[in-house]
Amino acid sequence: MAEPARTFRAKPDRPAPAQTVGAVGWMRRNLFSSPANTALTLIGAYFAYWVIATVVDWALLDAVWQAETRRECLDAVGRSGACWPGVFVWFENLIYGLYPKDQIWRVNAGFALLVAWLVPLWLERVRSKVAIGVSAVLAYPVLASYFFLGGDKGFLWSASIAAALTAFVWVWATAIAERRTGRTLGELVLARADALDADPRHHRRLLFYTAAAGWLVAYALVALWYLPYVTTNDWGGLFLTLVISGIGITFSLPAGVVLALGRRSELPVIRLICTVFIELFRSVPLITILFMFTTMLPLFLPVGVEVDQLVRAIVAVCLFASAYMAEVVRGGLQAIPRGQYEAAAAMGLGYWQATRLIVMPQALKIMIPTIVSTFIGFFKDTTLVSIIGLFDLLNMARAIGEDTDWLGLFIEPFFVVTLIYFAFCFAMSQYSLNLERRLDTGQRS
Amino acid sequence: MDATETPAPDQHIASAASSERIIEMTGVNKWFGAFHVLKDIELVVRRGERIVVCGPSGSGKSTLIRCINHLESHQEGQIVVDGTELNADVRNIDAIRAEVGMVFQQFNLFPHLTVLENCTLAPIWVKKLPKAEAERIALAYLERVRIPEQVHKYPLQLSGGQQQRVAIARALCMRPKIMLFDEPTSALDPEMIKEVLDVMVELAKEGMTMLVVTHEMGFARMVADRVIFMDQGEIVEQAEPETFFNNPRYDRTRAFLSQILAH
């Protein structure tokens, strides 16, 4: 005869012991857990103090802030303090290179435009984010290059600029419409069309007419707009660094995705082409590629065809970066279990659908840390363009110490340049961490 | 075998099989490299028929059902699914796959999509259904597999049993004519096996054509119209469950059954 079953009740949770949690618990565990650990903590703290104190003395307390030449600095404090006036005099060049002073607003406007283009991507309730992102990649460079280059423009050039301008207006119009009404600009236009004309076949046409009208207005404005020409020889400093790395980074991701897919393709010819490209560009130093493009490219071009030095550098950086990115992407693709492909295939999704909807979103998410660290690498690698005579941020800093007034002034400009590089790279890595956290919500078990 | 273990006739779900042949495999042979994984497979499945495939691991049972939606391609012989022959022609294959639902041992839900999105993805992209309708269908099937109020969660937030039921709903959303189950309960904790089998039993009652690779012999007795035993790439024998369990013809089948029914 069995006893009646007893009722099982789980014990309630108790809080953890006080000494193991909070700031005190953290310090006990991490800094002072043993005598050796305590000694190391104290030595480390002293070392950190010593480094910071030395830098603060040199950069701030003992520094010279006003002088005409480096001689004056040396006479005042010798080498124990920084000599900042040289950096101040050259600061505009560090940022803009030799860009004409009265035109510098164009560079600022160009970058402000980029920010304005991207802001809707961070706003809530904006639905067309993919389209806005694509427009930023395809249309923004057109508009920005006219801001930066200027000069006379033919019909094709004007038409593209007008299209880019229309795209920019669309980005904000649709972003505002979506935030206010929850519907995209296109949907609003279609709704309006529905009220005017019941035949749905005419509706798409109205959408087209609206876009065409916008383009025509933009074209008229662009025709009236003239910016004086600035040769790329005058581009330099941080501006040039951002242009080269920005284009390289933006190009490398889609190109890397295509190359990585190609390398995994079942078609032998495509696989071979992609593999050869990737291996070739990955096994050659970027400097060599830059040299090849600047010295050997003219040999392959017809006589009389000149390719801008900057364009050559950008093409070289783009090819190099896409080969690297391809391997990063391939690594991410390897991490997607076979079951995902099979499940997609079993439901009748084709190769491209499965890649776009199932594989890439997952692969790109796990690749974010690697992708961003590759981006940071590219950003710093652009310093190599100084080898072929472009005055990027680093090369411009070196030029300061070769100016007769500031002869030998190297440490201070490099210190500033270090801070600028650090600010950009740190911002990129923080953004990537933030992105990881946001994309991860709800998907962990 | 103990006679009391056989299910009473009324416990077995009445067969819904029609005379129409929906799958026909003739002389199918397949190799993985040099390994001969399927040997001279002859199999006819009628519409509404429910078939359980069992056998030791490596016997080719998974490969057999994976050939039916062409996740694996066979090298010799002919496979005809719902009047379409499976060959290298891509359009055929996508058409077949849209009509054949598959449930995997490891669920293979898409972790970056919510439960609902998992279920609407293929109807929207393959069948080109409007989103609202795809969601209506998905919610109906999710209710049937008893996933209440979890539709906006991500798969990894669910238990294994729940994930597998979502996977079944996801396959059903394509309104398949045939459902393939590849060891659907083998990756589950014992407490969760029943909830998945219950859903499968219901599906069987509705007359779905089902091919199930499983070792759940209780399920086989209750649901199967036919049990197939495979070993070393061959179909050793196939019979109605009653005959199969009480009176297997081959010694190999008897040895296998005594192994899995021993505990």
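Chain naming here is simple, since letters A, B, ... match the order of the sequence lines and numbering starts at 1 in each. Because the structure is a prediction, the values reported are computed rather than measured.
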Q. Given that the side chain runs from C-beta out, which part of A:Q353 has a heavy atom under 4.5 Å from chain B: side chain, backbone, both or neither?
A. side chain

**Q.** Considering all heavy atoms, the nearest B:H112-A:P361 contact
**A.** CD2-CB, 3.6 Å

Q.
Quick check on the structure: residues of residues 171-183 of chain B within a heavy-atom distance below 4.5 Å of chain A, by number.
A. B:M174

Q.
With a 6.0 Å cut-off (strictly less than), is the heavy-atom count around CD of B:E206, excluding the residue itself, greater than 12?
A. yes

Q: Locate the shortest heavy-atom distance separating A:A343 from B:F104; write the atom from each residue and the value.
A: CA-CE1, 3.7 Å

Q | A:F426, CZ atom: more than 12 neighbouring heavy atoms under 6.0 Å | A | no

(Q) Is any side-chain heavy atom of B:L113 closer than 4.5 Å to one of A:L357? (A) no

Q: Can you establish whether the number of heavy atoms outside B:K127 located under 6.0 Å from its atom NZ is more than 12?
A: yes

Q) More than 12 heavy atoms of other residues, nucleotides or ligands under 6.0 Å from CD of B:Q75: is that the case? A) yes

(Q) Can you tell me how far apart CD1 (A:I358) and CH2 (B:W125) are? Round to the nearest 0.5 Å. (A) 10.5 Å

Q.
Side chains of B:M102 and A:E342, heavy atoms from C-beta outward: is any pair under 4.5 Å?
A. no

(Q) Atom CD of residue position B:E191 - does it have more than 12 heavy atoms of other residues, nucleotides or ligands inside 6.0 Å? (A) no

Q | B:E117 versus chain A, the contacting section by heavy-atom distance below 4.5 Å | A | neither

Q: Check whether any side-chain N or O of A:Q340 sits under 3.5 Å from a backbone N or O of B:L109 as a donor-acceptor pair, and report yes or no.
A: yes

(Q) Please rank B:I96, B:N69, B:L71 by heavy-atom pairs under 4.5 Å with chain A and give me the top one. (A) B:L71

Q. Could you name the residues of residues 131-147 of chain B that have a heavy atom within less than 4.5 Å of a heavy atom in chain A?
A. none

**Q.** A:L349 vs B:D94 side-chain heavy atoms within contact, under 4.5 Å
**A.** no

Q.
With a sphere of 6.0 Å drawn around CZ of B:R21, does it hold more than 12 non-hydrogen atoms of other residues, nucleotides or ligands?
A. no

